Amino acid sequence: MRKVSVLGATGSIGESTFDLLKDADVAVVALTGGRNVARLAAQARALRAEVAVIADEALLPDLRAALTGTGTEAAAGTQAVIEAASRPADWVMSAIVGAAGLAPGMAALATGATLALANKESLVTAGPLILSHAAQHQARILPVDSEHSAIFQALAHEDLSTVTRILLTASGGGLRDWPLERLARATLQDACTHPNWAMGQRITIDSASMFNKALEVIEAREFFGVTPDQIEVVIHPQSIIHSAVEFQDGAIMAHMGTPDMRHAIGYALNWPHRAALPVKRLDFATLGGLTFAAPDLTRYPALRLAREVMAAGGLAGAVFNAAKESALDHFIAGTLGFLQMADLVQATLTALSRESDFHQSPKGLAQVLAMDHLARKTAHQIAAEWGRA
Ligand code: NDP
């Protein structure tokens, strides 16, 4: 029986994965969560997991209590999450949010497991490192971001050298129709709504600011090895076309479906086959129109920053992601305005571009994590100075 693990089981992607695994013929090795003991224990019970790990060490007694009589081992702490990811499995879902997903994902790849990659931050912060690590261990990475899954499916059996453009669709997020001057006053509650997708809080805010799309542009460049100018972002408010690829003969292959992450998760779970999935079907007769527009870079400076990051190369992606996470923390805490998030990321990139490591290709995880740490610290200091000004 196929052995599977889920890192970030208690999150939005983790829950959708659970929904597919509960009816699948698999043996569950490890499930990990950050702080949500109740959901982690409930999933571990339902899936008869070998081990359940909670990242917050203080919650180990609660997890132990919740798993009493189940036969599932309980563990806690960041290192325990990495150890769980290292347990032999055939398929591992990488769905921890943020740079915290990097080390567990790499640990899973080191076992030769197939990594279903939802954690887009991995390729943004350390793309070349992750890809060479996977190649070294003969491990496969399958994309789970719906856009990258769509592109991956459009490219099946195609020659990459015949690709002319990747069309990365974006809903435009919950604040898409707001006038620019109102965006500056957007509150946490405003930014936490999404017109089409039900997702975790952080990625929902990143969708409104388009930082999510900026990460995805960099992720697509790393994953598919195309040049930055081959990637075009297209606003598509209905989120029905999940992304598309144009070939040199002018043909465009697009992936369509309802906005449900179980499409992409199910594809990665069953790859290279297609299995029946419990997703709502598209009804073209009632769909109405599909609309498209070019993104306005004054509204979405994150997209411009992504281009600068790709041009800089080296560890710029690690700085970009860490500064973005720090800016998001400040926005959630109410210490930074919605539009100031991009200003903070820009200021952090400028400050750290003078570091000797900035332009170097990452040589190891420690170097990436050190740059991540420095970028968070720098972003935090800049935000604090702005707060005092
Ligand atoms: P959520 O915030 O819903 O879930 C995040 C998961 O990570 C939870 O299990 C959380 O645990 C766990 N976690 C948080 N911090 C840590 C930590 N420091 N150490 C270990 N575990 C931690 O996020 P999403 O499911 O929305 O997103 C997960 C990843 O997938 C992100 O990288 C996102 O960009 C990507 N993605 C998400 C999509 C979506 O539709 N949601 C679509 C495409 C990509 P707990 O909740 O128990 O605290």
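Read the numbers this way: they start at 1 and go in the same order the structure lists the ligands and their atoms. We're numbering straight along the sequence, starting at 1. None of these values were measured; they are calculated from a predicted model.
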Counting only heavy atoms, tell me which of [options] gets closest to [atom].
| atom | options | answer |
| --- | --- | --- |
| atom 28 (C) of ligand 1 | Gly11, Ala95, Gly34 | Ala95 |
| atom 3 (O) of ligand 1 | Ala198, Ser12, Gly8 | Ser12 |
| atom 45 (P) of ligand 1 | Thr10, Val144, Asp145, Val6 | Thr10 |

Salt-bridge criterion met for [X] and [Y] (N-O under 4.0 Å):
| X | Y | value |
| --- | --- | --- |
| Arg35 | Asp56 | yes |
| Arg185 | Asp190 | no |
| Asp329 | Arg202 | yes |
| Glu83 | Arg87 | no |

Below the 3.5 angstrom mark, is there an N/O of [X], backbone or side chain, next to an N/O of ligand 1?
| X | answer |
| --- | --- |
| Gln201 | no |
| Ser146 | no |
| Gly200 | yes |

Testing the 3.5 Å rule here: is there a donor-acceptor pair between the side chains of [X] and [Y]?
| X | Y | value |
| --- | --- | --- |
| Thr335 | His330 | yes |
| Asn36 | Thr10 | no |
| Asn321 | Lys120 | no |

| field | Side chain, backbone, both or neither: Ala118 near ligand 1, heavy atoms under 4.0 Å | value |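 Within the 4.0 Å criterion, Ala118 contacts ligand 1 through backbone and side-chain atoms alike.
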| query | Between Met261 and ligand 1, which part of the residue brings a heavy atom under 4.0 Å of the ligand: side chain, backbone, both or neither? | reply |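 It is the side chain that touches ligand 1; the backbone stays farther off.
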Close-contact set for ligand 1 against [X] heavy atoms, below 4.0 Å:
| X | value |
| --- | --- |
| Lys120 | 32 (O), 34 (O), 44 (C) |
| Ala100 | 17 (C), 18 (N) |
| Met199 | 39 (C), 40 (O), 41 (N) |
| Asn119 | 32 (O) |
| Ala55 | 19 (N), 20 (C) |
| Gly33 | 11 (O), 47 (O) |

| request: Please determine which of His242, Lys213, His255 meets the side-chain hydrogen bond (donor to acceptor under 3.5 Å, both in side chains) test together with Glu147. | output: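 The option that passes is Lys213.
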| task | Measure up the Phe152 and Phe224 rings against each other and bin them: parallel (under 30°), tilted (30 to 60°), perpendicular (over 60°). | result | tilted
| query | More than 12 heavy atoms of other residues, nucleotides or ligands under 6.0 Å from CG of Asp25: is that the case? | reply |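 Result for CG/Asp25: open.
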| field | Ile203 touching ligand 1 at heavy-atom level, < 4.0 angstrom | value | yes
| field | Identity and distance of the protein heavy atom lying nearest atom 27 (O) of ligand 1 | value | Ile13 CG1, 4.2 Å
| query | Considering only the protein, which heavy-atom contact is closest to atom 29 (C) of ligand 1, and what is its distance? | reply | Ile96 O, 3.9 Å
